Number of protein chains: 2
Amino acid sequence: MLETAENYDASKYERPSVTADVVILTLREQDLQVLLIKRARWPYDGSWAIPGGFVEKDESLRQAALRELREETGVTDVYLEQLYTFGDPGRDPRTRVITVAYLAVTSADQIDPRAGSDAAEARWWSMYALPPSLAFDHDQILDYALTRLRYKLEYTAVGFQLLPKEFTLPELQAAYEIILGEMLDKGNFRKKLARANVVEPTGQYRQTAGRPAELYRYRQDAVAETRARRLFP
Amino acid sequence: MLETAENYDASKYERPSVTADVVILTLREQDLQVLLIKRARWPYDGSWAIPGGFVEKDESLRQAALRELREETGVTDVYLEQLYTFGDPGRDPRTRVITVAYLAVTSADQIDPRAGSDAAEARWWSMYALPPSLAFDHDQILDYALTRLRYKLEYTAVGFQLLPKEFTLPELQAAYEIILGEMLDKGNFRKKLARANVVEPTGQYRQTAGRPAELYRYRQDAVAETRARRLFP
DNA sequence: TAAATAGTGTCTCTTAGACAATATTAT
DNA sequence: ATAATATTGTCTAAGAGACACTATTTA
């Protein structure tokens, strides 16, 4: 339709607000957990939400996500990737808000205890037992994040981000099992890992209730090759 | 203090403009081609750009992309997925612009000839011989689109979107070869396709310079199964 | 019959997955 | 020795990839 003074809708050209929200995932307590913040006012007063904030004038989307991450957890060295952009009208009742969602994956021992030391209440939640009511469309965002993580686990080295620098193969396998939600065969898991040539033994061992487990580290020079093909082909 | 939506001071931030840009891909002339528009003013006057426009107040991001697509090509029934969001400051010298890029894949015979009938000059370009200077960061967006398409080709049914409803297996294989940029083995290609159980013969044949080729169609009820696992396992 | 194209079959090597066997520690 | 855990090996079926072969049309 031709636009005239009669039907001109000024609000049509209002610029939306843009936020960067970060799904921060880690392994804690033999569980895949996400950091959420409790909202203290309308809308979704009392609901839990993914941390995020407005993208500032002179920062990139990624910088905005990194800033949020740092403010919430103190973490700076982290795996971070853009997930998806959510922008349905009405997803925020206050105004039009477009949210660029990021996925951050880090090992629990990287996280600074001052996490959530700001006014807002913040805590870790199991991805498998989320609070009953999440703010906005944040349930969708978390769904999407889990799907993406599971997917990436199969053909990138993101899994190693969840563990400390040194780890045993049974620990690595447990991490995979927690994230994928299924048990893996010990022998086959190790076979794949060996073929991918992506970890190397440190020569040291970790005590267990039975035979000690050898410690491994992620091969730094493996990154280049892993980009090219599936980690577990 | 941590900035959240709670203490947001509207005056403190300039809101960015948000556009939805659509990479429209199709097979034409035994080639993978993309629809680009020639810019007629600063910035990037004379450069070619991906079609796109501002997201309006009451439409979703996807709706905005569909609207752009319809305006440019007349196509409504199309494969459309969100690609990535580009938002570096300075990518548009006029103001802060955040672009949600979409990938549209359609068969050439779906496209209405009124494509590009708007003032701007529009034409198809080979993805393998793009114009030398693209506007903004649109070279990055096209790079990303091709990567994603190649990737999706392997484990979704997106390839069938590029062909008419009925096609021969050599035609399908040629489409795959054009997109992947490599030759495929006839026998192995057909074996995979058979295993995936994703096409069915129509019983009709197409004339060629040699033995006629049987026409196939995409199995509609195959969609559900293809979602679950790789199309070509 | 020859050329051109469509369609099928076969062989080998690799991998996935299920499962079993062995190794090394603590109690 | 037994329990607990780590680590390695074996068997089978399926799939990938290279390649050769057969089938059906036109000229």
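Chain naming here is simple, since letters A, B, ... match the order of the sequence lines and numbering starts at 1 in each. Quick caveat, the model's predicted, so the values are computed rather than measured.
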**Q** Would you give the length of the straight line joining atom CG of Leu27(A) to atom CG of Leu162(A), rounded to the nearest 0.5 angstrom?
**A** 4.5 Å
**Q** On a plain distance test, is the side chain of Lys191(A) in donor-acceptor contact with the base of dG9(D) below 3.5 Å?
**A** no
**Q** Figure out the NZ/P separation between Lys192(B) and dA18(D), and round it to whole Å.
**A** 10 Å
**Q** Can you find an N or O donor on one side and an acceptor on the other, under 3.5 Å apart, linking the side chain of Asn188(A) with the base of dA18(C)?
**A** yes
**Q** Using atom CG of Leu193(A) as one end and atom C1' of dT15(C) as the other, report the distance to the nearest whole Å.
**A** 15 Å
**Q** With a 4.0 Å cutoff (strictly under), does any side-chain N or O of Arg206(B) reach OP1 or OP2 of dT5(C)?
**A** no
**Q** Look at the rings of Trp48(A) and Trp125(A) and say which category their plane angle falls in: under 30° parallel, 30 to 60° tilted, over 60° perpendicular.
**A** perpendicular
**Q** Could you pick out which residue, Gly187(A) or Thr208(A), lies toward the 5' side of DNA chain C when each is mapped onto its nearest nucleotide?
**A** Gly187(A)
**Q** Rounding to an integer number of Å, can you tell me how far Arg190(A) CZ sits from dT15(C) C1'?
**A** 19 Å
**Q** Which pairs of donor and acceptor atoms, one on a side chain in residues 178-186 of chain A, lie under 3.5 Å apart (sequence neighbours left out)?
**A**
residue	atom	partner	partner atom	Å
Asp185(A)	OD1	Gly187(A)	N	3.0
Asp185(A)	OD1	Asn188(A)	N	2.9
Asp185(A)	OD1	Asn188(A)	ND2	3.4

**Q** Test of understanding: with salt bridge (Lys or Arg N to Asp or Glu O under 4.0 Å), list the residues that count as partners of Arg148(B), not counting sequence neighbours.
**A** Glu81(B)
**Q** Under 3.5 Å, which protein N or O atoms sit close to an N or O of nucleotides 21-25 of chain C? Give each pair with its distance.
**A**
residue	atom	partner	partner atom	Å
dA23(C)	O4'	Arg211(A)	NH1	3.4
dA23(C)	N3	Arg211(A)	NH1	3.1
dT24(C)	O4'	Arg211(A)	NE	3.4
dT24(C)	O2	Arg211(A)	N	3.4

**Q** Grab the CG-P distance between Asp185(B) and dA16(D) for me, whole Å please.
**A** 12 Å
**Q** What is the distance, rounded to the nearest whole Å, between atom OH of Tyr205(A) and atom P of dT5(D)?
**A** 19 Å
**Q** Please identify each residue that fulfils side chain to side chain contact (heavy atoms under 4.5 Å, CB included) with Thr168(B), with sequence neighbours left out.
**A** Pro170(B), Glu171(B), Arg206(B), Ala213(B), Leu215(B)
**Q** Under 6.0 Å between ring centres, would you say that holds for Tyr176(A) and Phe189(A)?
**A** yes
**Q** How long is the line joining OH of Tyr216(B) and P of dA6(C), in whole Å?
**A** 12 Å
**Q** Is a side-chain N or O of Thr26(B) found less than 3.5 angstrom from the main chain of Ala108(B), in a donor-acceptor match?
**A** yes
**Q** Please give, in whole Å, the distance from dT5(C) P to Gln173(B) CD?
**A** 14 Å
**Q** Report the distance from atom CG of Leu184(B) to atom P of dA16(D), rounded to the nearest whole Å.
**A** 13 Å
**Q** With a 6.0 Å cut-off on the ring centroids, do Phe160(A) and Phe167(A) count as close?
**A** yes
**Q** Between dG7(C), dA6(D), dA16(D), which one does the side chain of Arg195(B) approach most closely?
**A** dA16(D)
**Q** Could you list the residues that satisfy salt bridge (Lys or Arg N to Asp or Glu O under 4.0 Å) with Glu200(A), not counting sequence neighbours?
**A** Arg217(A)
**Q** If the helix axis at each end comes from five base pairs, how far does the helix from dT1(C)-dA27(D) to dT27(C)-dA1(D) deviate from straight, to 10°?
**A** 20°
